[in-house]
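Right, I'll just put the structure down here and ask away after.
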Number of protein chains: 2
Amino acid sequence: MGRKARYDKEQFIGGALKILAERGPAGVTMNAVAEETGAPIGSVYHRFVSRDVLMAELWFQVVESFQRGFLIALEQGDGLEAALHTPRWVREHPKEGRVLLLHRRDDFSRGEWPDDIKAHAVSLAAELRKGIRSFVRKKFGRMSKRAMDRTVFVLVDAPHAAVRRYLESDEVPPDIVDELIRETYYAVYKEDL
Amino acid sequence: MGRKARYDKEQFIGGALKILAERGPAGVTMNAVAEETGAPIGSVYHRFVSRDVLMAELWFQVVESFQRGFLIALEQGDGLEAALHTPRWVREHPKEGRVLLLHRRDDFSRGEWPDDIKAHAVSLAAELRKGIRSFVRKKFGRMSKRAMDRTVFVLVDAPHAAVRRYLESDEVPPDIVDELIRETYYAVYKEDL
DNA sequence: GACATATTAGAATAATCATTCTAGTATTGA
DNA sequence: TCAATACTAGAATGATTATTCTAATATGTC
C-alpha cells in the first residue's frame, strides 16, 4: 500500500527544533524546515496540516519530556526535588528550553485546533494536575484550593519565573536560581496550610 | 510652520493599546491602528517609522508608568510594598498589563533600533537599577552581587511570575498572589545576606 | 506486470501586512 | 496673498510565507 516514506514527523520536528534554537521562532518557516531536513515542502505538508500544528507538536514533544521528569521527581523525591527539576532539565536541554516559551497549556482550548491536538493538551494537563493533586494529598493529608494554589506556585510558577529570563536570552540558568527556588519552597511551605 | 496636526502619537498608541487588549498582539496591524483611530495609514507612518517602533513606544509608555509606581513604593515604603506593587498595578491597569509581556528590557540592545529607542531603554533600565541599588544599600548597609540577585528575584521576578499566568489569560490576579509574594519576600530575605 | 496509493517534488498561488509614494490640504510666517 | 511645510489621504507596491496543486515515483498487493 503505497510508497515507503523517506521522511517522518520526527525528522521535521527535529529540524524545527534546530532552527528554533538557531534563529528563533520566526525563523521556523515551513520552507526552512523542509530545507533543514532536505525534504521538499510538500512532504512537510504531507505530515502536518499546517505550521501551527507542526509547532504545537514540537511543543507537546518537549513539554511531555519535561513533564515526565517532573512527575517522577514529584512522586519519588519530595516537592523540592520537583521544584528543582526545572532549572536542571533546562540546563540539560538548552535547545528544548526555548520551546517551553512557545505555548501555554491552555492555548489549545481557545481557538481552532484539530481534535487530536486538543485531546493531547487535555490529557497532558490532566496528568500534571493528577500528579500535583496526589502530591498535595501525600504531603498534607488532605486537599484544598489553598494548598493547590501554593503548590502550583512553588513547584511550577516560581521555578519557571526564575528560569525564564535565561531561556529568553539563551543563557544557562546560574546556580543562584536553584538557591532562590529552594528558599521560596521552604518559605511558602512553612506557612500553615 | 505647516498644517495643524489632527492626530498625534498618543492617539495611535492609545488605539494600539485598545486593539492589543481586544485582539492580542497579532491584531495590532498598522491598518487596524489607523482604522481604530479614524486616521489614514499615512498619518500613522508620519508619526512612527515602523510598526516595531510603534509597539516599542507603547511598551515604553506602559513600563514607565509601572516603573514609576514601583520606584516610589521602593523609596517610600519598604521592599514588600514594592513587591506588592506588581499585582496591584496590574489589577488597576488590566489593559496595560498585557503590554508588559510584549518585550523584555534588553530586547532593544540587540538588533536594529533607532537611537532614541535605544537611549530610552538604557535610561529606563538605569533608573530601575539605581532604585534597586539604593534600596539594597539602605536595607543591608552594603552592596553585593548576592544581595542584588536576591532582591531582583524577590521584588521583580517572583511578583511577575505570580502574575504572569493571569495576564496571559486576561484574568485579574486573585488575592492569593499577594499572599505568595509576601511569603516569598519574607523567606528570601530571612536568609543572611 | 499492472493497479492502487502513500509519498515525493517543487513550482505556482494566495493571503497578509508593512511600507512607500504621489497628490492634495491646512496652517504659519512673511 | 504667497510660499513653505507639516500633515492628511489612501491607493499601490513589495516582501514574506503559508498553503495548494499537479505531476511524478516508489512500493505493496493481486
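Residue numbers start from 1 in every chain, and the chains themselves are labelled A, B, ... in the order their sequence lines are given, proteins ahead of strands. Remember, it's a predicted structure, so these values are computed and weren't measured experimentally.
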Q: Kindly write out the residues that satisfy side-chain hydrogen bond (donor to acceptor under 3.5 Å, both in side chains) with A:Asp106, not counting sequence neighbours, or none if the list is empty.
A: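 side-chain hydrogen bond (donor to acceptor under 3.5 Å, both in side chains) list for A:Asp106, sorted by chain: A:Arg104, A:Arg110.
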
Q.
Looking at A:Asp149 and A:Lys145, is any side-chain nitrogen of the basic one under 4.0 Å from a carboxylate oxygen of the acidic one?
A.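 Here A:Lys145 pairs with A:Asp149 in a salt bridge, since their nearest N and O are under 4.0 Å apart.
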
Q) Using the benzene-type ring in the case of Trp, are the ring centres of A:Phe135 and A:Phe140 under 6.0 Å apart? A)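 That pair fails the under 6.0 Å test.
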
Q: May I have the distance from A:Tyr7 (atom OH) to C:dT8 (atom C1'), rounded to whole angstrom?
A: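 In whole Å, C:dT8 C1' lies 7 Å from A:Tyr7 OH.
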
(Q) I need the NZ-P distance between A:Lys9 and C:dA6, as an integer number of Å. (A)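 Answer to the nearest Å: 16 Å.
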
Q.
Enumerate the side-chain hydrogen bond (donor to acceptor under 3.5 Å, both in side chains) contacts for residues 21-39 of chain A, please, sequence neighbours excluded, ordered by first and then second residue.
A.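 Pairs touching residues 21-39 of chain A that pass the test: A:Lys18-A:Glu36.
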
Q.
Expressed as a whole number of angstroms, how long is the span from B:Asp8:CG to D:dA6:P?
A.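 So the two atoms are 17 Å apart, to the nearest Å.
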
Q: Using only side-chain N and O atoms of B:Arg47, determine if any of them is under 4.0 Å from OP1 or OP2 of D:dC7.
A: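 The answer is yes; a side-chain N or O of B:Arg47 sits under 4.0 Å from OP1 or OP2.
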
Q | Pair B:His46 and B:Tyr7, ring centroids less than 6.0 Å apart | A |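 So the answer is no for these two rings.
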
Q) Can you check the B:Leu54 CG to C:dT19 C1' distance for me, whole Å? A)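 Answer to the nearest Å: 14 Å.
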
Q | Contact list for residues 111-133 of chain B, test side-chain hydrogen bond (donor to acceptor under 3.5 Å, both in side chains), sequence neighbours left out | A |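 Sorted result for residues 111-133 of chain B: B:Glu64-B:His120, B:Gln67-B:Glu127.
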
Q) Which pairs count as side-chain hydrogen bond (donor to acceptor under 3.5 Å, both in side chains) when at least one residue sits in residues 152-176 of chain B, sequence neighbours excluded? A)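 Counting only pairs at least two positions apart or across chains, the side-chain hydrogen bond (donor to acceptor under 3.5 Å, both in side chains) contacts touching residues 152-176 of chain B are A:Asp157-B:Arg165, A:Arg165-B:Asp157, B:Arg98-B:Asp170, B:Arg164-B:Glu168, B:Ser169-B:Glu171.
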
**Q.** Carboxylate-amine/guanidinium proximity below 4.0 Å for B:Glu179 and A:Arg150
**A.**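 Result for this pair is yes, salt bridge flagged.
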
Q) If only side-chain N and O atoms of A:Arg6 are considered, is one of them under 4.0 Å from the OP1 or OP2 phosphate oxygen of C:dA9? A)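 True: A:Arg6 side-chain N/O within range (under 4.0 Å) of C:dA9 OP1/OP2.
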
**Q.** Neighbours of DNA chain C within residues 13-38 of chain A, by heavy-atom distance under 4.0 Å
**A.**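 Nucleic-acid contacts, sorted: none.
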
Q.
Tell me if the aromatic rings of B:Phe108 and B:His103 count as close, with their centers under 6.0 Å from one another.
A.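 Ring centres of B:His103 and B:Phe108 closer than 6.0 Å.
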
I'd like a list of close polar pairs between nucleotides 20-24 of chain D and the protein, N/O only, cut-off under 3.5 Å.
none

(Q) What is the distance, to the nearest angstrom, from the CZ atom on B:Arg51 to the P atom on C:dT20? (A)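 Spelled out: CZ on B:Arg51 to P on C:dT20 is 15 Å.
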
Q.
Starting the side chain at C-beta, find the nucleotide from C:dT27, D:dC7, C:dT8 nearest to A:His46.
A.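 So the side chain of A:His46 is nearest to C:dT8.
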
